[in-house]
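Here the structure is laid out as structure tokens; the discussion comes afterwards.
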Protein chains: 2
Amino acid sequence: MANATTTQELQASILAAAKEEFAREGLKGARLQRIADAANVPKATLLYHFKSKTKLYQAVLETILSSWDQGFENLTPQSDPKVFFNQLIHAKVQAALLDPVASKLFAMEIMQGAPHLSNHLQQKVKPWFRQQVLVIEQWMLEGRLRSTDPARLIFLIWAATQHYADFQTQVLSLMNRQEFDQALADETSEFLASFLLHGLDL
Amino acid sequence: MANATTTQELQASILAAAKEEFAREGLKGARLQRIADAANVPKATLLYHFKSKTKLYQAVLETILSSWDQGFENLTPQSDPKVFFNQLIHAKVQAALLDPVASKLFAMEIMQGAPHLSNHLQQKVKPWFRQQVLVIEQWMLEGRLRSTDPARLIFLIWAATQHYADFQTQVLSLMNRQEFDQALADETSEFLASFLLHGLDL
DNA sequence: GTCTATACCCGGATAGAC
DNA sequence: GTCTATCCGGGTATAGAC
């Protein structure tokens, strides 16, 4: 971890180190000492910038979520269904490649009941989800794709793409690969897009 | 938790309590005292039966894995592809309904790099997986279903079904439901079977 | 085999000098 | 804002009576 010159850079390097530690060890298992060492700062300095371990954890989650919000905001449903699903699948697989650790941390938080981001789920994810369901329903009424359950269709796309980030260890082991590189990501999004669009008669 | 009369029943109730605690809090976050309280035994008794916290955790994982091995062993690939995929999807959704906690615990372990079950992955999951891939490839060569990547097809089915166990909190919230009951499970496996079989031209 | 009491350690948080 | 030294609570594991 590079030395930070400004306060912002310092906090960014602490957040990066914390993300890795929290994902690898869980909230309770994470050690402030290891995070501090990885970011090259004394433990007390870390606690000066982020009041407590819990606050640091929440800051990590917020950083991840805001970066995702940016990445998905230009996915408008105004376009063609085919283009929309292609973009969505490609963006999610790309996110799994670029930052699997973020996806894992988010997943672990949800699995434990999402105690630290129930607000975000209610206020951000739920409205986005309802919006998508309405648009897809409309497309189905217009006969532009095969009629199925729109909500479960979205779950299917989420699950299929996130799997490559969250279960990367298992996926790589079963495919006899060492790392999740760009070529593997391209093959994966091509497979998923082709299979899911075929299932939608697109 | 009911009082145990035999040693086996005692250990089973400890394992059940431990599964809940480990899934909710993670390995490091789990507290032996809470597990002991939930199982109605003193903490020292728990440590007498299972040497250490880590050993208890591994015992929980082994119990889950052996119950899964039993549940899936009669899914032979000798039958019709349609019947096979129908059975597989139904069995996995049913497992998600019956014991979502087990699925979550397994998922968390994989996400953290599977340090306590890399042996099981290599010796049990990998052979099973290779076998399934071969059978599906054969079916595809015979033209009995649409040709795609067999490995990623299996990942897709795993991801799609496990999602309802691992992300149950999020799924229920977005569907405005309180609990994952049998009706919801039936609708879900029907959706998944219909969608995936359609995507395979079955 | 079961339980009470306790040893021992580790980690989050703070005090206070610089 | 940064860092050293330290406090203190809590949790695993064990010792030893029954």
Side-chain angles (χ1 to χ4, degrees), chain A residues 1-63 105 108-109 112-113 115-116, chain B residues 1-63 105 108-109 112-113 115-116:
Chain A
M1 206 57 55
N3 280 347
T5 52
T6 71
T7 299
Q8 269 202 345
E9 283 171 1
L10 173 70
Q11 295 193 353
S13 81
I14 292 174
L15 286 170
K19 180 173 67 179
E20 301 286 333
E21 176 76 6
F22 283 131
R24 195 173 48 245
E25 308 288 342
L27 171 54
K28 302 286 176 56
R31 292 296 162 249
L32 294 182
Q33 189 63 62
R34 277 197 294 258
I35 297 173
D37 291 348
N40 268 320
V41 292
K43 193 170 66 167
T45 300
L46 184 158
L47 278 164
Y48 170 80
H49 287 277
F50 303 88
K51 261 289 202 185
S52 70
K53 189 188 192 182
T54 309
K55 293 266 174 60
L56 174 60
Y57 178 71
Q58 289 168 337
V60 171
L61 284 181
E62 281 164 25
T63 305
L105 191 58
M108 287 174 58
E109 173 67 17
Q112 298 185 354
H116 296 92
Chain B
M1 208 55 55
N3 280 346
T5 52
T6 72
T7 299
Q8 269 203 345
E9 284 171 359
L10 174 70
Q11 295 193 350
S13 82
I14 291 174
L15 286 170
K19 180 173 68 179
E20 301 285 335
E21 176 76 6
F22 284 131
R24 197 173 47 243
E25 309 287 342
L27 170 55
K28 302 286 175 55
R31 293 295 161 250
L32 294 181
Q33 189 62 64
R34 277 198 294 260
I35 297 174
D37 290 349
N40 268 321
V41 293
K43 194 169 63 169
T45 301
L46 183 157
L47 278 164
Y48 170 80
H49 288 276
F50 303 88
K51 264 292 198 184
S52 70
K53 189 188 191 181
T54 308
K55 292 267 175 59
L56 174 59
Y57 178 71
Q58 290 168 335
V60 170
L61 284 181
E62 280 164 25
T63 306
L105 191 58
M108 288 174 56
E109 173 67 16
Q112 297 185 353
H116 297 91

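Below, read A as the first sequence line, B as the second, and so on, with proteins coming before strands; counting in each chain starts at 1.
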Look at all strands and tell whether A/A30 reaches a base, only sugar-phosphate, or nothing, counting heavy atoms closer than 4.0 Å. sugar-phosphate
For A/L47, report the nucleic acid contact type (base, sugar-phosphate, nothing); a contact means any heavy atom under 4.0 Å. base
Atom [atom1] of [X] and atom [atom2] of [N]: how far apart are they, to the nearest Å?
X	N	atom1	atom2	answer
A/F50	D/dG1	CZ	C1'	14 Å
B/F22	D/dG11	CZ	C1'	13 Å
B/K43	C/dA7	NZ	P	14 Å
B/K51	D/dT12	NZ	P	17 Å
B/Q33	C/dA5	CD	C1'	13 Å
A/I14	D/dG1	CD1	P	12 Å
B/L46	D/dT14	CG	C1'	14 Å
B/E25	D/dG10	CD	C1'	15 Å

Taking all atoms of both residues into account, what is the closest heavy-atom pair of B/R34 and B/G29, and its distance? NH2-O, 3.5 Å
Where is the tightest heavy-atom contact between B/K53 and B/F22, given as atom of each residue plus distance? O-CZ, 4.1 Å
From D/dT12, D/dA15, C/dA15, nucleotide with atom closest to B/L32 side chain: D/dT12
Per B/A44 side chain, nearest of listed nucleotides C/dG1, D/dT14, D/dC3: D/dT14
Which residue, B/P42 or A/T54, contacts DNA chain C at a nucleotide closer to its 5' end, judged by nearest heavy atom? B/P42
Taking atom types as modelled, find out whether A/Q58 and A/H116 have a side-chain donor-acceptor pair closer than 3.5 angstrom. no
May I ask you to verify if any side-chain N or O of [X] is less than 4.0 angstrom from the OP1 or OP2 atom of [N]?
X	N	answer
B/Y48	C/dG1	yes
B/T45	C/dT2	no
B/R31	D/dT12	yes

Can you say whether a donor on the side chain of B/K53 sits under 3.5 Å from an acceptor on the base of D/dG11, or the other way round? no
If you define the side chain from C-beta out and look only at heavy atoms, does anything of B/L56 sit under 4.5 Å from B/L15? yes
Could you check whether A/E25 pairs with B/K28 (Lys NZ or Arg NE/NH1/NH2 to Asp/Glu carboxylate O, under 4.0 Å)? yes
